There are 2 protein chains.
Amino acid sequence: MRILAERADIIPQLAEVFRTFGYEGTSLSRITERTGLGKGSLYHFFPGGKEEMASAVLADIDDWFEREVFTPLLRETPENGLAGMWKAVRCYFQSGGRICLVGAFALDGTRDRFAAGIAGYFGRWTGALTTTLVRAGWTDRAAEDAARDAVLGIQGALVLARAMNDPALFSGAVDRLEARLRQPAPSR
Amino acid sequence: MRILAERADIIPQLAEVFRTFGYEGTSLSRITERTGLGKGSLYHFFPGGKEEMASAVLADIDDWFEREVFTPLLRETPENGLAGMWKAVRCYFQSGGRICLVGAFALDGTRDRFAAGIAGYFGRWTGALTTTLVRAGWTDRAAEDAARDAVLGIQGALVLARAMNDPALFSGAVDRLEARLRQPAPSR
DNA sequence: GTCTATACAGTGATAGAC
DNA sequence: GTCTATCACTGTATAGAC
């Protein structure tokens, strides 16, 4: 058993704080409160301070999606890749109870601080999804539009579910998004 | 000509500051910088400080949508109401160059501060849109789902457009959302 | 109505003891 | 690796002169 913390142990807790309060709303004291670690320990792991903490969280999210969503999308059959994506999305966002930190960061001045990471995350997601749909028989143009609509639909569903304080709204929207991607030959 | 400011004159400037930096990222000094008004004047108009300023901005946005979108949706023919909504949406969000402050506030701890206003805005929007679609011949269930999908699609398009720094992405998505609402008899 | 001056808590960050 | 003490600074908010 280990008592001393490791950097990797802290990141999920950091993520939760940033998700709750946003980048600007997250203070070191709130982080200390949640993690139980003093500023000394925090700055030991993240010499760059709050910005490095948020950056590490973003990288961690990126890794998770790369491993659980983007890679399966490209490596497995389109059906399996898509089924895995929707399952992962439902799980990760806890059926609408958890927001997308990358999307939240994108909406205010925080975006400029992490522009590359944010654009990369969404770019790789829509890219992998487009490729998958093309492999499933969609035309390039229809696949690109549908991929964007799916990703943006997930983000919008998170916004609306939180705004209305109704997580079930997310689940319903995701069901419809999934169904829309399942029709093999796009009629639009 | 009037030199002294009025409360109503300041609100659009306040809105822009909040949109740029988010609620937590907006400081009185940034507001002073943008409006040219000292703290004395600011607190003269908004005794409740920053929270009252944001509240006034939210109420102003609400009024605008009520007047330009929700009421026309309910008062005019479904076709005219819908056409007006899409035109207003494109105009208001400046083809993807401007985010939705209500949606942005919904994503972090700011939501709890303005929960009623945020839920009311989205509730009246999806409500008016649902009613309009029912009047246009949709079934209740299909109308409600489609209304939510449209509103959530707009929010998601704003997130994705800003994340990818590509306003055109918003315009394309809105075109598809509009087209999806135009099919008179929902096949889904 | 607008300004300046000011109060004071909280901010991110650093240094150094252990 | 973790803590406490402390730093300079900015945050919101108030008081009062004009």
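Below, all heavy atoms of this structure are taken into account, side chains as well, without hydrogens, waters or symmetry copies. What you see is a predicted model, and the numbers here were worked out from it, not measured in a lab. Here is how names work: the chains are called A, B, and so on, in the same order as the sequence lines, proteins then strands, and each is numbered from 1.
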**Request:** Provide, to the nearest angstrom, the distance between the CG atom belonging to Leu42(B) and the P atom belonging to dG11(D).
**Result:** 14 Å
**Asked** Is it true that a side-chain atom of Arg98(B) and a backbone atom of Tyr92(B) form a donor plus acceptor pair closer than 3.5 Å?
**Response** yes
**Message:** Closer than 4.0 angstrom, basic N to acidic O: yes or no for Asp175(B) and Arg180(B)?
**Reply:** no
**Message:** For Arg30(A), is there an ion pair with Glu24(A) - N to carboxylate O distance below 4.0 angstrom?
**Reply:** no
**Item:** Salt bridge flag under 4.0 Å for residues Asp63(A) and Arg67(A)
**Value:** no
**Asked** Hey, is Glu52(A) close enough to Arg7(A) for a salt bridge, meaning N to O under 4.0 Å?
**Response** yes
**Prompt:** Atom CD1 of Ile31(A) and atom C1' of dG10(C): how far apart are they, to the nearest Å?
**Reply:** 14 Å
**Message:** Rounded to whole Å, please give me the gap between CZ in Phe46(B) and P in dT14(D).
**Reply:** 15 Å
**Complete:** Expected string for nucleotides 11-17 of chain C under the B/S/- scheme (protein heavy atoms, under 4.0 Å, primed atoms plus P, OP1, OP2 as sugar-phosphate) is SBBB---
Using a 3.5 Å cut-off and no angle test, enumerate the donor-acceptor pairs between side-chain atoms of residues 35-45 of chain B and protein atoms at least two apart in sequence or in another chain.
unit_1: Thr35(B); atom_1: OG1; unit_2: Ile31(B); atom_2: O; d: 2.7
unit_1: Thr35(B); atom_1: OG1; unit_2: Leu37(B); atom_2: N; d: 3.2

**Request:** Round to a whole Å and report the spacing from CD1 of Ile10(A) to P of dG1(D).
**Result:** 11 Å
**Request:** Starting from P on dC3(D), measure out to NE2 on His44(A) and report it in whole angstrom.
**Result:** 12 Å
**Request:** Using a heavy-atom cut-off of under 4.0 Å over every strand shown, decide if Gly36(B) touches base, sugar-phosphate, or nothing.
**Result:** sugar-phosphate
**Asked** Taking CG from Asp9(B) and C1' from dT2(C), how many angstroms apart are they, rounded to a whole number?
**Response** 15 Å
